[in-house]
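Computed from a prediction, not measured in an experiment: that's the story for all the values here.
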Amino acid sequence: MPTVSSFRIKLVRAALGALAGILAAFTALAVAELVAGLVRPAAGPVTVVGGAVIDRTPAAVKDFAIRTFGANDKAVLQLGILAILAVFAVALGILALSHRRAGAAGVLLFGIVGAATALSRPDTTGIGDVLPSGAGALAGAVVLYVLANRAVPLPGPAGQDGSGGWSRRGFLTTAGVTAVAATSAGALGRFFSSRQGQGAVASRESLLLPAPSSPAPAVPAGVQLKVPGITTFTTPDSDFYRVDTALTVPKVDAGTWRLRIHGKGVTQPRTYTLDQLLARPLIERDITLTCVSNEVGGPYIGNARWLGVPLADLLEEAGVRPPSKGGGADQLVARSVDGMTLGSPVEDVMDGRDAMLAVGMNGEPLPFDHGFPVRMLVPGLYGYVSACKWIESIELTTFDAYDPYWVKRKWARKAPIKTQSRIDTPKPFARPAAGTVTIAGVAWAQHRGITRVQLRIDDGTWQDADLATQAGTDTWRQWSYRWKATPGGHNLTVRATDGTGQVQTEQRTRTIPDGASGRHNVFVTVT
């Protein structure tokens, strides 16, 4: 029967094995980050594996992550990956106490998985992308083998355990040196990664945007209501929503960036530099963008003043004709530098709306988070079929011939933005005082405009809200309603009518496959 002392020895030994596994994993990730900083930051194992996880995650789960975590969804994913790695690292560390080679081989297996994943990514640059995962796994395997050989909890009569291992002091010393070295490697990797992006940062800082040939009209008086709590008409860059699959935001040097236009019906394929685009006539427009993952009343919508090149002009010069004029391509596939593909209807892009390749946002070059140096946007379409960030290629094809990224994941091929409205104030479960309470918010139906907004209190009749001035059919519109609130609990519901006369439906649908529908309501308690 085992004694308390032998049980304690096994417990301490297991703890040291777990620590060895964690340090091996930490070393592997740190060395991988160092090599990625020297080779290509986007080839780091956490980034490539995280990207692969995102690609293989069911659409409903992605939608849940965006809805639940918002802009922090990628951080949550990375933490989840690290947590899973930690569990495996502990298991391998304990295994290595008795089977050092098997434990080290387990670490190498993770490196093989990371390397293979790096090569399978759509933005891979070739065999060099395997180096971070390979080097990291090799370093981690060596560390695990060495530490496992020294994981002796209690010294024997001669300070040894009979198998050539070191004392606990020797193990802890080795572990400490390993931790310091790994931390230094990781810090150096982050330094090199930041240096790789310095050229892109410098190119953005030095970029001077030309004046538009067709400037946006001044924002009309009365567009912004003076109601506390209502969303601002123009969304600051820092507050603009970001929904994409990029774990590492691409930093593209404007001087080396190129855009290629090619494919079906393109009689004159073109390649453009940023300087060539900036030399063309530019348009400036206020346009509201909406993410298809936006729930009823959700936050994934924003309005900005965009500067860009009319996309239809570029397509026409390349010989492209819309299907209504005999063109053979009905889908425009935009590709990003990170491999993302979005598909837009050619007919919509060329029907006269202000579809553009944007280079500026709210008077400044695009932020990196929002697509610097160039992004695409098409008013009236949800972002997943129109708003390709970090764009580098436009291919003309057909919907039958090619399914872009989101279509492969069961989202709709075509996705015009649905008529929606939102109550900004009062907030859900607010407790306003009895008397006159101003209810206010925004409504949108891009490329159709908003002509009416109505409020209903509890089960009462629909009452017309006051509308702010409409800046254009491609932007959202603010509204307000002065309510004589009486004590008690009340349910406030809003609906909008668009420029075609279509009233916002009350039928609730999920965001999948083509955007949420339904009416936003807020419950408040009047005191």
TODO: Look at Asp403 together with Arg413 and state whether they make a salt bridge at an N to O cut-off of under 4.0 Å.
DONE: yes

Open item on the list: For Lys414, is there an ion pair with Asp330 - N to carboxylate O distance below 4.0 angstrom?
Closed with: no

Open item on the list: Determine whether a donor-acceptor pair (N or O, by modelled atom type, separation under 3.5 Å) exists between the side chain of Asp474 and the backbone of Ile287.
Closed with: no

- [ ] Please check if the side chain of Arg353 supplies one atom and the backbone of Asp348 the other of a donor-acceptor pair under 3.5 Å.
- [x] yes

Kindly check if the number of other-residue, nucleotide or ligand heavy atoms within 6.0 Å of [atom1] ([X]) is above 12?
X      : atom1 : answer
Arg258 : CZ    : yes
Arg508 : CZ    : yes
Lys408 : NZ    : yes

Can you give me every donor-acceptor pair (side chain of residues 247-256, partner residue at least two apart or in another chain, under 3.5 Å) with its distance?
unit_1 : atom_1 : unit_2 : atom_2 : d
Thr248 : OG1    : Thr47  : OG1    : 3.4
Asp253 : OD1    : Gly255 : N      : 2.8
Thr256 : OG1    : Asp253 : O      : 3.2

- [ ] Of all the heavy-atom pairs spanning Ser324 and Glu347, show the shortest one and how long it is.
- [x] OG-OE2, 2.6 Å

- [ ] Identify the heavy atoms of Arg495 and Gln504 that sit nearest to each other, and give their distance.
- [x] CA-OE1, 3.5 Å

Open item on the list: Within this structure, what is the CG-CG distance for the pair Leu278 and Leu208, rounded to the nearest 0.5 Å?
Closed with: 10.0 Å

TODO: Any chance you could measure Met340, atom CE, to Asp55, atom CG, to the nearest 0.5 Å?
DONE: 7.0 Å

Open item on the list: Under the rule for ring pair (Phe, Tyr, Trp, His ring centres under 6.0 Å), what residues qualify as partners of Phe192, not counting sequence neighbours?
Closed with: none

Do any side-chain atoms of residues 74-82 form donor-acceptor pairs under 3.5 angstrom with protein atoms, and if so which ones, sequence neighbours left out?
unit_1 : atom_1 : unit_2 : atom_2 : d
Lys74  : NZ     : Asp244 : O      : 2.9

TODO: Can you run down the salt bridge (Lys or Arg N to Asp or Glu O under 4.0 Å) pairs that involve residues 311-326, sequence neighbours left out, and say none if there aren't any?
DONE: Arg270-Glu317, Arg280-Glu317

Open item on the list: Can you pull out every salt bridge (Lys or Arg N to Asp or Glu O under 4.0 Å) where at least one residue sits in residues 360-375? Sequence neighbours excluded, please.
Closed with: none

Determine whether the side chains of [X] and [Y] contain a donor N or O and an acceptor N or O closer than 3.5 Å.
X      : Y      : answer
Ser517 : Thr509 : yes
Thr124 : Asp129 : yes
Thr231 : Asp424 : yes

TODO: Would you sort out whether Arg335 and Glu395 count as a salt bridge (Lys or Arg N to Asp or Glu O under 4.0 Å), showing the intermediate values?
DONE: CA-CA 8 Å; Arg335 286 184 172 82; Glu395 180 181 2; 2.7 Å; yes

Open item on the list: Suppose the criterion is ring-ring contact (aromatic ring centres under 6.0 Å, His included): which pairs have a residue in residues 294-333, not counting sequence neighbours?
Closed with: Phe240-Trp306

